[in-house]
Amino acid sequence: MENLNTYLQELIQKHRSNTEGTTANYIPELARVATDKFAMAIVTCDGTIYQAGDVEVPFTLQSTSKPFVYAMALEEHGREFMRSRVGVEPSGEAFNSIVELEKQTHRPYNPMINSGAIAVSSFIKDQKGLSREKRVLDLFGAYTNHQLAIDEKVFQSEKQTAHRNRSIAHLLRHFDVIGDDIDESLDLYFKQCSILVNTIDLALMAGTLANNGVQPQTKKIIVKPDYIADVLSLMLTCGMYDSAGEWAYTVGLPAKSGVSGGLLAVVPGKMGIAAYSPLIDQQGHSIRGVLAIKELVKKYKLSMFRSTHN
Ligand code: GLN
């Protein structure tokens, strides 16, 4: 793996000239970011970091926050409660689908789409004198091993334009999936989406999931190992929304994208992979990030479904 830094550099050079896609223009602050930025990072389970490109450039987590807040809610409320409120089936719909709730139960299909993630955020409450916002920030700070902050401008920008997510939240309230604290729950959801990280931070988060919940550098347990399979299986089947099937077929790894251009993939027991580049496709995935991770995974045969023992 000594040549990995060089290989990541090659991937950056190869795909940086690709200018397909747009920034996430439905959130005004995200529409304005520099579109030439491109970074990749890998954190192996022994804590080694490989990196190339604009790894210091900060961006907001957006939907890459969803698996981590789901893990937090699982730890707090247990599997049974969470499954009674949010399903575990791929929806086959876009991340912001408003129509799709399960027919009988009216639960959101899964925690990786907005409806499920808004429900999940509503279950994170103030605790022991700590606000829900602080608790979520502290959690992400434990993954990245340094204190994180919220991008206030992105938060306000999303909050002021989030008519669709607001409608989803009210629908969830109507079906008693969430309680009366609709605005507080949405605020937490927008805030977790607005947490600023860089590509190394994102790779550390992915690396922690790869390392069975143990942060590869601090060796602290951030997620109970018992819940790792819950999170990774949902990332595999639902993390890439309506292209999750294509992703599982071509890449074969649990992953999660965010409309800011962050993308993370997990090779269980081996490494976390992260990419950042803000031009996204129709599904909301970083175009350069998807291309580069696909190539990396193919070269090193990292798919979960590809046996290396032959
Ligand atoms: N905050 C964004 C939203 O709710 C996150 C979406 C995403 O990253 N796919 O629309």
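Bear in mind the structure is a predicted one, so any value in this text is a computation, not a measurement. Just follow the structure's listing: the first ligand is 1, and inside any ligand the first atom is 1.
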Engineer: Among all protein non-hydrogen atoms, which one is nearest to atom 5 (C) of ligand 1, and what is the separation to 0.1 Å?
Structural biologist: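 Protein heavy atom at minimum distance: Ser63 OG, 3.3 Å.
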Engineer: Tell me whether the rings of His106 and Phe175 are parallel (<30°), tilted (30 to 60°) or perpendicular (>60°).
Structural biologist: parallel
Engineer: Given that the side chain starts at C-beta and the backbone is N, CA, C, O, which of these parts of Asn165 lies under 4.0 Å from ligand 1, counting heavy atoms, or is it both or neither?
Structural biologist: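 The part of Asn165 near ligand 1 is the side chain, not the backbone.
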Engineer: Measure up the Tyr143 and Phe68 rings against each other and bin them: parallel (under 30°), tilted (30 to 60°), perpendicular (over 60°).
Structural biologist: perpendicular
Engineer: Does Lys153 have more than 12 heavy atoms from other residues, nucleotides or ligands lying within 6.0 Å of its NZ?
Structural biologist: no
Engineer: With a cut-off of 4.0 Å, which atoms of ligand 1 are near a heavy atom of Asn114?
Structural biologist: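 Near Asn114, the atoms of ligand 1 are 3 (C), 4 (O), 10 (O).
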Engineer: So which of Ile195, Val197, Leu30 actually passes side-chain contact (heavy atoms from CB on, under 4.5 Å) with Thr60?
Structural biologist: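 That would be Leu30.
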Engineer: Residue-level breakdown please: for Tyr241 versus ligand 1, do any non-hydrogen atoms fall below 4.0 Å on the side chain, on the backbone, on both, or on neither?
Structural biologist: side chain
Engineer: Between Gln62, Glu158, Met112, Lys159, which one has a non-hydrogen atom sitting closest to atom 3 (C) of ligand 1?
Structural biologist: Glu158
Engineer: At less than 4.0 angstrom from any non-hydrogen atom of Gly258, what atoms of ligand 1 do you find?
Structural biologist: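 Every atom of ligand 1 under 4.0 Å from some heavy atom of Gly258: 8 (O).
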Engineer: Tell me if the CG atom of Leu130 is crowded by more than 12 foreign heavy atoms within 6.0 Å.
Structural biologist: yes
Engineer: Do me a favour and list the nearest non-hydrogen protein atom to atom 4 (O) of ligand 1 with residue, atom name and distance?
Structural biologist: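 Nearest protein contact, heavy atoms only, for atom 4 (O) of ligand 1 is Tyr189 OH, 2.7 Å.
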Engineer: Could you tell me if any non-hydrogen atom of Phe190 lies under 4.0 Å from any atom of ligand 1?
Structural biologist: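 It does not; every heavy atom stays at 4.0 Å or beyond.
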Engineer: Counting only heavy atoms from other residues, nucleotides and ligands, does the tally under 6.0 Å from CZ of Arg164 exceed 12?
Structural biologist: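 More than 12 heavy atoms, drawn from other residues, nucleotides or ligands, come within 6.0 Å of this atom.
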Engineer: Between Tyr241 and His285, how do the two ring planes meet: parallel, tilted or perpendicular, split at 30° and 60°?
Structural biologist: parallel
Engineer: What atoms of ligand 1 come closer than 4.0 angstrom to any heavy atom of Cys193?
Structural biologist: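 So the answer, numbered in order with elements, is 1 (N).
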Engineer: With distance as the sole criterion, is a donor-acceptor pair present between the side chains of Lys134 and Ser131 under 3.5 Å?
Structural biologist: no
Engineer: Using distance alone, determine whether Ser257 and ligand 1 share an N or O pair under 3.5 Å.
Structural biologist: no
Engineer: Counting non-hydrogen protein atoms only, what is the nearest one to atom 10 (O) of ligand 1? Give residue, atom name and distance.
Structural biologist: Tyr26 OH, 2.5 Å
